[in-house]
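Here the structure comes first, spelled out in C-alpha cells, and everything after it is commentary.
Order of appearance sets the numbers: ligands from 1, and atoms from 1 within every ligand. In what follows, every heavy atom counts, from backbone to side chain, and hydrogens, waters and symmetry copies are set aside. Model, not experiment: these values are computed from the prediction.
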Amino acid sequence: YNINISRSEEIPLRRTIKDTRPETCKDTSFNISSFPSASVIIPLYNEGLSLVLRTVHSVLDRTPDVLLKEIILVDDASSHEDLGEPLEQYVDELGEKVKLIRNFERQGLIRSRLHGMQLSRAPVIVFLDAHIEVNVQWLEPILAQLQEKPNSIIQPFVDGVDPDSLEYSAPNILYRGGLTWDLRYVWIRLAEHIQEAAFRSGQPYWTPTLIGCALAMDKAYFKSIGSFDADQLIWGGENVELSLRTWMCGGSLVTLPCSRVGHVFRPTPYKRETPFHSTWQKNLIRTAEVWLGPYKKYFYSATSIFENRHVNLTETEWKSLEKRKSLRDKLQCKSFDWFLREVSPDLHPPPRNSMQYGEITNE
Ligand code: UDP
Ligand code: MN
C-alpha cells in the first residue's frame, strides 16, 4: 500500500473526490459558528505512509479550519522505516494542527486511541483508521447531530476504497450494522422503504452495531459511559463492546448518510501473528462476560472464527473485568434481553425447545 513519494516532484495533494452523498445532503448548509471543535485521532501500526498521508490531507482539506482542533497520529510502535523519520519530517511541515505521538511498545488499537484521547483538547473526538479518505463536508453533519443528541455515538457512512486500485467508491445501498452470536459485525441491508426515505431525507438512522473504522462522539459522554475497555488488546471486538454498552446504558448509535468516509477494506494484516487470534478472542470473551448475561452460552457455543476453542482469560484478566461489571451496574444498564428485543431483533436466539446448540466438527 505504499507509493514512493519523492519530495522533489510536484504532487497535487489537494484533490477532488467523487461526492457520494445523497443529493439532498448537497443543499444543506450548517451554522458552523455554533459548533464545537473536534480532535481527530488516528492510530497507526505499520501502515503505508502514502495512505496515512491521504488520510491526514483529506481531513485538512475537507474540514473547516475552525472546526478542526487537531489531528493526533498515534504510532503504535510501528517497525516500518518510513513511519519513523520520514513521517516525522512530513508532519513537522504540516504545521501545528497535526501532531505525532508514539507508543514505546505496541499497545493495540484500543489503547492507542485512548492514548490519543488523553492528549486531545476538543470537546468532540473522531477516531479514524489510518487508511481513510474523508469526503466533502464530512464533519458538519456529525457535529450537528452531536449538538442535538450528545448521547449518541456516530458512525459516518462508510464508503469503500479499493485495496488494489485505491479508487474511492460508494455502495449504492444503505446498510446498518448487525451482530452474530460469535460477536462479529455484519452488514445488514436496510429495507427498501427505509433506504428510500434515508436517500430522500438524508436523515440519520440508527444502527445496532458500529463498524469501528470511523466513529465520532462527545468526549464527556464517551468518558461517562466508560470510553473503551483498556484491557482489550491489539485488535478486535471493541466496536461490538462499545455498541452494546452504548445501547444498553441509555445512549444510541446512528449512521449519517450525509457524512461519508472511504475506508480501505483489506484482509486483516495481523491475522498471521501468533497472539492475534487469542487476543481478539479474549476481547470478545470480555464483551460476552460483561454484556450478554445468560445469553453468553450462545457466544461460547458459536466459536467458528477461532482456531483454538479453549482460550481463557488469566486470573488477572478475570479480575480486571470486575471494573467493567461495576461500571455496568453503576450506569444501571439494561439487559441483553432488552437489546435483542428493542435494538437487534435480527439476532435470533436458538428456539426455546431445542436441546442442543452449537457446532459439530470433525477432528
Ligand atoms: N492499529 C494499531 N495497533 C494495532 C493494530 C491496529 O494502531 O496493534 C491501527 C491500524 O493501523 C488502523 C486501526 O488501528 O489504523 C484499525 O486497524 P485495522 O484497519 O487493521 O482494522 P480493520 O479496519 O481491519 O477492522
Ligand atoms: Mn481499517
Side chain, backbone, both or neither: which applies to Leu109 and ligand 1 if a contact is any heavy-atom pair less than 4.0 Å apart?
both
When you look at Trp138 and Val261, which way does the side-chain contact (heavy atoms from CB on, under 4.5 Å) test go after all the steps?
CA-CA 7 Å; Trp138 71 288; Val261 308; 4.2 Å; yes
Name the closest protein heavy atom to atom 17 (O) of ligand 1, giving the residue it belongs to and the distance to 0.1 Å.
Tyr270 OH, 3.4 Å
What atoms of ligand 1 come closer than 4.0 angstrom to any heavy atom of Leu44?
7 (O), 11 (O)
What residue and atom, counting heavy atoms only, is the protein's closest point to atom 4 (C) of ligand 1, and at what distance?
Asp76 OD2, 3.5 Å
Between Phe127, Trp235, Tyr185, which one has a non-hydrogen atom sitting closest to atom 21 (O) of ligand 1?
Trp235
Keeping Tyr90 on the side-chain end and Glu85 on the backbone end, is there a donor-acceptor pair under 3.5 Å?
no
Side-chain donor-acceptor contact under 3.5 Å, Tyr295 with Asp337:
yes
Protein residue, atom and distance nearest to atom 10 (C) of ligand 1, heavy-atom basis:
Glu47 OE2, 3.2 Å
Does a side-chain N-to-carboxylate-O contact under 4.0 Å join Lys26 and Glu23?
yes
Applying side chain to side chain contact (heavy atoms under 4.5 Å, CB included), can you list everything that pairs with Phe199, at least two apart in sequence or on another chain?
Pro22, Leu174, Gln195
Check for me whether Gly212 has a heavy atom closer than 4.0 Å to any atom of ligand 1.
no
Ligand 1 atoms in contact with His263 (distance to a heavy atom under 4.0 Å):
23 (O)
Verify whether one side chain among Tyr168 and Asn135 offers a donor that lies under 3.5 Å from an acceptor in the other.
yes
Check: Ser320/Arg286 side-chain N/O donor and acceptor closer than 3.5 Å:
yes
Of all the heavy atoms in His131, does at least one lie under 4.0 Å from an atom in ligand 1?
yes
Counting only heavy atoms, tell me which of Ile234, Ile132, Asp129 gets closest to atom 23 (O) of ligand 1.
Asp129
Judging by distance only, is a nitrogen or oxygen of Ala130 under 3.5 angstrom from one on ligand 1?
yes
Would you please say whether a donor-acceptor pair under 3.5 Å links the side chains of Glu47 and His131?
yes
Tell me if the aromatic rings of Trp181 and Tyr298 count as close, with their centers under 6.0 Å from one another.
yes
More than 12 foreign heavy atoms under 6.0 Å from CG of Asp92: is that the case here?
yes
Does the residue Arg113 have a heavy-atom contact with ligand 1, meaning some pair of atoms that are separated by less than 4.0 Å?
no
For Phe127 and Phe228, I'd like to know if the aromatic rings sit close, meaning centre-to-centre distance below 6.0 Å.
yes
Option from Glu238, Arg245, Arg324, Gln232 for which side-chain hydrogen bond (donor to acceptor under 3.5 Å, both in side chains) with Thr287 holds
Gln232
Where is the nearest protein heavy atom to atom 9 (C) of ligand 1: which residue, which atom, and how far?
Pro43 O, 3.8 Å
Would you list the protein N, O or S atoms within less than 2.8 Å of the Mn ion (ligand 2), leaving out water?
Asp129 OD2, His131 NE2, His263 NE2
